[in-house]
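If you read the sequence from its start, that first residue is 1, and numbering goes on from there. Quick caveat, the model's predicted, so the values are computed rather than measured.
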Amino acid sequence: MIEMSQLCAWDNLMRAWQKAARGKRGGAAVAQFEHRLADNLLALQARLRDGSYRPGPYVTFSIHEPKKRVIGAAPFVDRVVHHALCNLMEPALEQQFFADSFANRKGKGTHRAVDRFQALASQHRFVLRLDIVKHFANIDHQILLRQLKPLLHDGDVAALVSLILAGGETASEQVAASYFAGDDLFAALRPRGLPIGNLTSQLWSNRYLHSLDAFVRRQLRCGAYLRYADDFALFSDNKDDLHHWKLRVEEHLMGLRLMCHGHSARLQRVVDGAPWLGFVVFPQHRLLKSRCVVRSTRALNAAYGQWKSGAESFSFFDARVQGWINHAAVGDTWGLRRHRLGEFDLRNSPS
């Protein structure tokens, strides 16, 4: 159970500030907060203690790679609060989570999820891949609060979580409400949606779908299963099992007021190669998806052009090349990496 006294502790707020500022200390909002760091943290501590803290307005913007998403950026002081809350909630929730949930967790991530997918593909004949329609935008606040209730016996902490949820509702992507069995006309008014940019959203999303993980593991008894955010896969040597599990999973998700994408649900042989997190994964090798190659080519060419024109430093270009190399190296891409790097003339830097 989390208590407000723990949340407001000086050490917790200082650690939250350090995490929120990491990699962003050149920004104006971060610099302004840091200029009078002790005073700002003491003021925040007082507002949290007396219940006068209120989240500020979000800045929303869209990104289009790999697909269109609406990002909600909270004010910096609110991000400090999010980190302070997650400092306490994450260890407790991590004790519940299954090992094969890979998104937004320490020691996990995309590349390990690809490794695990391939390991399961090498052990089974078939895979069923599913993903959820607008997962963050459709997370139901009542259901989430019910899931978090064991941690929220302190009424002040529960009120803070409700404030963060309510404040972020308008910053999440706005999608048409879905109706489920037993709904009345007022179901469309149920509060829902988490802003993708929040640290709390990432943690609470994993808690929301932990119910799915537990259902697949314990009730369907499918041991060959993994999930990355709202993408998940079940493996078996028996097609009939996978067809049955698909129907059961869809029923369970309805209880969470979520639905699977019908057009992307696919049951296939693992030997044919299955798309997963930007790669096409086979039992013994993996390749980058062609659209990921096109996207990375455009990004690297743009960075190269900025460097050659003198608009950016070589370190800017080099960082992007190294990042691409580290990602592409997860697949069998030696020839591709050699070809791409051979296209750049690195002999002469701009004057």
Side-chain angles (χ1 to χ4, degrees), residues 2-4 6-8 12-13 15-17 19-21 24 27-30 32-33 40-41 43-63 69-90 93 104 134-149 151-177 186-209 229-230 256-258:
I2 299 170
E3 297 181 357
M4 183 57 75
Q6 296 172 292
L7 183 75
C8 295
N12 187 46
L13 290 179
R15 187 155 57 105
W17 137 256
K19 289 182 176 180
K24 303 179 178 67
V30 182
Q32 184 178 9
F33 194 97
N40 286 325
L41 286 181
L44 175 60
Q45 184 183 59
R47 291 164 58 204
L48 288 168
R49 281 176 172 168
D50 66 21
S52 63
Y53 166 79
R54 294 293 182 273
Y58 284 74
V59 174
T60 59
F61 57 93
S62 298
I63 60 173
R69 297 179 185 273
V70 176
I71 306 298
F76 180 73
V77 65
D78 293 345
R79 281 177 265 158
V80 175
V81 174
H82 298 166
H83 276 280
L85 188 56
C86 288
N87 283 344
L88 303 176
M89 296 188 82
E90 184 176 7
L93 292 176
N104 306 309
K134 302 292 183 182
H135 165 55
F136 279 94
N138 284 307
I139 287 180
D140 186 90
H141 291 188
Q142 292 180 28
I143 295 174
L144 177 60
L145 286 171
R146 187 166 64 244
Q147 293 174 339
L148 295 175
K149 187 175 180 179
L151 299 179
L152 303 179
H153 291 175
D154 185 315
D156 292 334
V157 178
L160 175 62
V161 170
S162 295
L163 277 175
I164 294 173
L165 280 174
E169 184 178 355
T170 57
S172 67
E173 185 175 358
Q174 302 301 297
V175 297
F186 296 101
L189 302 179
R190 291 175 66 105
R192 61 196 174 98
L194 298 180
I196 293 179
N198 274 7
L199 180 69
T200 49
S201 298
Q202 298 169 9
L203 180 62
W204 294 344
S205 164
N206 270 338
R207 177 57 189 91
Y208 202 83
L209 289 182
D230 57 346
L256 296 174
R257 305 189 66 82
L258 299 173

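Applying the salt bridge (charged side-chain N to carboxylate O under 4.0 Å, His left out) test to K134 and every residue at least two apart in sequence or in another chain returns E173. Not counting sequence neighbours, T200 has no partner by the side-chain hydrogen bond (donor to acceptor under 3.5 Å, both in side chains) test. Residues meeting the salt bridge (charged side-chain N to carboxylate O under 4.0 Å, His left out) test with R257, sequence neighbours left out: D140, D183. With sequence neighbours excluded, the residues forming a side chain to side chain contact (heavy atoms under 4.5 Å, CB included) with I196 are R69, I71, F136, listed by chain and number. Under the ring-ring contact (aromatic ring centres under 6.0 Å, His included) criterion, F76 pairs with W17, F33, sequence neighbours left out. Under the rule for a side chain to side chain contact (heavy atoms under 4.5 Å, CB included), the partners of Q6 that lie at least two apart in sequence or sit in another chain are I2, E3, L88. Remark: H135 pairs with S205 by the side-chain hydrogen bond (donor to acceptor under 3.5 Å, both in side chains) rule, at least two apart or across chains.
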Could you check I143 against Q147 for side-chain contact (heavy atoms from CB on, under 4.5 Å), going step by step and ending with a plain yes or no?
CA-CA 6 Å; I143 295 174; Q147 293 174 339; 4.0 Å; yes

Walk me through it: do V157 and L85 pass the test side-chain contact (heavy atoms from CB on, under 4.5 Å)?
CA-CA 9 Å; V157 178; L85 188 56; 4.2 Å; yes

Apply side-chain contact (heavy atoms from CB on, under 4.5 Å) to L258 and L209, showing your working.
CA-CA 10 Å; L258 299 173; L209 289 182; 3.9 Å; yes

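S201 approaches P195 most closely through the heavy-atom pair OG-O, 2.6 Å. Of all heavy-atom pairs spanning A166 and H141, the tightest one is N-CE1, 4.4 Å. For L13 against L7, the heavy-atom pair with the smallest separation is CD2-O, 3.7 Å. Summarising the geometry of A20 relative to V80, their closest heavy-atom pair is CB-CG2, 4.1 Å, with the distance given to 0.1 Å. Counting all heavy atoms, side chain and backbone alike, V175 lies closest to R192 at O-NH2, 2.7 Å. In terms of heavy atoms, Y58 sits closest to G168 at CE1-CA, 3.8 Å.
The list of side chain to side chain donor-acceptor pair (under 3.5 Å) pairs with a residue in residues 79-89, not counting sequence neighbours, reads N12-N87, K19-N87. Sorted by first and then second residue, the side chain to side chain donor-acceptor pair (under 3.5 Å) pairs with a member in residues 155-171 form an empty list; sequence neighbours excluded. Pairs of residues two or more places apart, or lying in two chains, never qualify as salt bridge (Lys or Arg N to Asp or Glu O under 4.0 Å) while including a residue from residues 198-209.
Between the CG atom of L145 and the CG atom of L165 there is a distance of 5.0 Å, given to the nearest 0.5 Å. Note that CG of L160 and SG of C8 are 8.5 Å apart. Values are rounded to the nearest 0.5 Å. Residue M89 holds its CE atom at 11.0 Å from CG of L199, rounded to the nearest 0.5 Å. One finds the CH2 atom of W204 at 10.5 Å from the CG atom of L93 (value rounded to the nearest 0.5 Å). The distance from atom CG of L256 to atom CD1 of I139, rounded to the nearest 0.5 Å, is 9.5 Å.
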Taking distance alone, no hydrogens or angles, what donor-acceptor pairs closer than 3.5 Å link side-chain atoms of residues 46-53 to residues at least two apart or in another chain?
{"residue": "D50", "atom": "OD1", "partner": "S52", "partner atom": "N", "Å": "2.8"}
{"residue": "D50", "atom": "OD1", "partner": "S52", "partner atom": "OG", "Å": "2.6"}
{"residue": "Y53", "atom": "OH", "partner": "D78", "partner atom": "OD1", "Å": "2.7"}

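When side chains are defined from C-beta on, V161 counts as touching L152, because their heavy atoms get closer than 4.5 Å.
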